[in-house]
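Before any comments, here is the structure.
Everything numeric here is computed off the predicted structure, so don't read it as measured data. Each chain gets a letter, A, B and so on, in the order its sequence line appears, and its residues count up from 1.
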Number of protein chains: 2
Amino acid sequence: MSGSTSLAEQLKMAGFRMTRQRAAVLRAMADSPTPLSALQLWNQAKRNCPCLGLATVYRTLDVLNMVGGVERCHAASGRSFVSCPPGDHHHVVCVVCGRVAEFSRCNVASLIPEVSRETGFHVESHLLELAGICPTCLAEEKAE
Amino acid sequence: MSGSTSLAEQLKMAGFRMTRQRAAVLRAMADSPTPLSALQLWNQAKRNCPCLGLATVYRTLDVLNMVGGVERCHAASGRSFVSCPPGDHHHVVCVVCGRVAEFSRCNVASLIPEVSRETGFHVESHLLELAGICPTCLAEEKAE
DNA sequence: GACATAAATGAGAAGTCTTCTCACTTACTC
DNA sequence: GAGTAAGTGAGAAGACTTCTCATTTATGTC
């Protein structure tokens with residue numbers, strides 16, 4: 001679980017304590033192949049630490065965010081989730097179940113000169129989010 | 001306020017009624033050069049229609065969104081709305097003053113096959129929003 | 001290993017934003 | 001002008017997040 005280890009190290013280096021609860025949250029994040037919402041993270045992490053409180057999950061996310069270990073994203077649908085590692089990637093959100101996947105390929109940068117010309121804006125950043133149906137929901141749809 | 005008029009027409013064409021409350025919301029949106037949150041919109045619209053309820057603002061936004069007359073603006077925390085012309089376009093938002101411009105050029109579609117392959121998602125739609133500095137704020141920055 | 005202490009926690013209250021409910025009002029059709 | 005179905009206001013309810021505070025615990029020091 002190298003991801004979890006490095007996040008733990010980041011926390012320690014920043015002077016935060018490594019508690020059972022934080023370890024459980026880190027582990028839940030590392031174990032999930034896809035970004036999770038705070039609630040999902042709570043449910044996962046409780047397996048490792050049953051008495052974990054939801055507030056602690058939010059506090060841990062806050063701390064990790066401060067340290068730069070995770071990013072909190074707000075999807076167009078209003079749902080929010082935790083993305084790890086933060087940085088240059090975008091998300092696809094399932095319109096059926098809300099599952100989120102990440103992808104890094106992006107060609108928006110090549111569009112920017114044209115938009116600058118068209119609008120006069122000096123473009124600094126972009127937000128790209130795709131919506132669709134995840135493999136699981138696609139399979140279920142076909143099964144019906 | 002041509003923006004407001006055309007939104008009103010869009011509503012009527014879609015079979016919705018034009019009420020005093022909706023007119024107040026439309027007018028508030030048309031009068032604002034920047035995206036507004038539901039709460040801000042409520043406060044503005046109440047000037048034209050003092051007894052306006054907040055729920056009505058949300059309902060009106062819903063209806064307008066359905067009709068394609070407004071869109072969520074994500075740059076500012078994803079909680080605000082802009083009125084916009086119908087049709088395929090995206091927004092550039094000024095990070096300084098909040099002003100929004102539209103552009104139609106978009107190359108995201110060509111990205112979708114790759115993302116589908118990478119994530120297994122069946123991609124149906126995309127959201128693209130650029131952030132930067134508008135011509136007015138650029139000029140002011142240079143003047144300093 | 002025991003102790004001191006400041007950080008971290010759990011549980012639930014509180015806050016914020018949004019949607020829902022339902023009795024009442026009103027825009028639109030005839 | 002009357003009938004009617006869409007729309008409304010007010011407040012309850014719901015989802016998510018943050019705050020509060022008494023209690024617990026990780027960590028450095030002895």
Side-chain angles (χ1 to χ4, degrees), chain A residues 7-28 35-67 69-83 93 97-98 100, chain B residues 7-26 28 35-67 69-74 76-81:
Chain A
L7 275 181
E9 274 162 13
Q10 276 177 266
L11 274 188
K12 283 216 168 170
M13 298 231 298
F16 293 102
R17 294 180 179 177
M18 182 44 52
T19 64
R20 201 159 24 94
Q21 291 86 343
R22 282 179 180 166
V25 172
L26 292 183
R27 183 150 170 220
L36 299 177
S37 69
L39 221 64
Q40 291 172 318
L41 204 48
W42 183 41
N43 286 319
Q44 289 300 313
K46 273 198 289 191
R47 295 183 184 177
N48 305 325
C49 179
C51 65
L52 181 69
L54 180 55
T56 299
V57 173
Y58 279 105
R59 276 185 296 234
T60 302
L61 289 177
D62 237 32
V63 165
L64 285 171
N65 190 36
M66 223 184 292
V67 166
V70 308
E71 201 177 2
R72 297 188 67 177
C73 301
H74 302 275
S77 61
R79 283 189 247 240
S80 57
F81 54 92
V82 182
S83 171
V93 183
C97 69
V100 178
Chain B
L7 274 181
E9 274 162 15
Q10 277 177 263
L11 274 188
K12 284 217 168 168
M13 297 231 299
F16 293 101
R17 294 181 179 176
M18 181 47 51
T19 64
R20 199 159 25 93
Q21 292 85 343
R22 283 180 180 164
V25 172
L26 292 183
L36 298 176
S37 70
L39 222 62
Q40 291 172 318
L41 204 47
W42 185 40
N43 285 320
Q44 289 300 313
K46 272 197 293 191
R47 295 183 184 176
N48 305 326
C49 180
C51 65
L52 181 69
L54 180 54
T56 299
V57 174
Y58 279 104
R59 277 183 297 232
T60 302
L61 285 173
D62 239 31
V63 165
L64 284 172
N65 192 34
M66 222 184 294
V67 167
V70 309
E71 268 172 37
R72 281 191 111 90
C73 176
H74 300 270
S77 81
R79 281 186 169 144
S80 51
F81 299 83

So where does chain B start and stop touching DNA chain D, 5' to 3', when the test is distance under 4.0 Å to a non-hydrogen atom?
->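 Contacts span dA5(D) to dG11(D), reading 5' to 3'.
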Contacts of Asn43(B) meeting side-chain contact (heavy atoms from CB on, under 4.5 Å) (sequence neighbours excluded), chain-then-number -> Lys46(B)
Taking all non-hydrogen atoms of both residues into account, name the closest pair between [X] and [Y] and its distance.
X        : Y        : answer
Gly53(A) : Trp42(A) : C-NE1, 3.5 Å
Ser37(A) : Ser80(A) : CB-O, 3.4 Å
Val70(A) : Asn65(A) : O-OD1, 3.0 Å
Ala28(B) : Leu36(B) : O-CD1, 4.1 Å
Pro35(B) : Gln40(B) : O-OE1, 4.2 Å

Divergence of helical axes at both termini of the helix from dG1(C)-dC30(D) to dC30(C)-dG1(D) - five pairs an end, 10° steps = 40°
Would you indicate, yes or no, if dT18(C) has its OP1 or OP2 atom less than 4.0 angstrom from a side-chain nitrogen or oxygen of Tyr58(B)?
->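 The answer is yes; a side-chain N or O of Tyr58(B) sits under 4.0 Å from OP1 or OP2.
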Using a 4.0 Å cut-off on protein heavy atoms (strictly under), produce a 5'-to-3' string for nucleotides 24-30 of chain C with B for base contact, S for backbone-only sugar-phosphate contact, and - for none.
-> ---BS--
When rounded to whole Å, the CD to C1' distance for the pair Gln40(B) and dT16(C) reads 14 Å
Roughly, in whole Å, what's the span from CZ in Arg79(A) to C1' in dT18(C)?
->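 Rounded to whole Å, this separation is 15 Å.
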Please name all residues satisfying ring-ring contact (aromatic ring centres under 6.0 Å, His included) with Phe81(A), sequence neighbours left out, ordered by chain then number.
->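 Partners of Phe81(A) under the ring-ring contact (aromatic ring centres under 6.0 Å, His included) test: His91(A).
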In residues 42-57 of chain B, what residues come within less than 4.0 Å of DNA chain C, judged by heavy atoms?
->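 Going residue by residue through residues 42-57 of chain B, the ones with a heavy atom under 4.0 Å of DNA chain C turn out to be Leu54(B), Ala55(B).
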Please determine which of Leu52(A), Leu7(A), Val57(A), Val63(A) meets the side-chain contact (heavy atoms from CB on, under 4.5 Å) test together with Arg22(A).
->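 Answer after filtering Leu52(A), Leu7(A), Val57(A), Val63(A): Val63(A).
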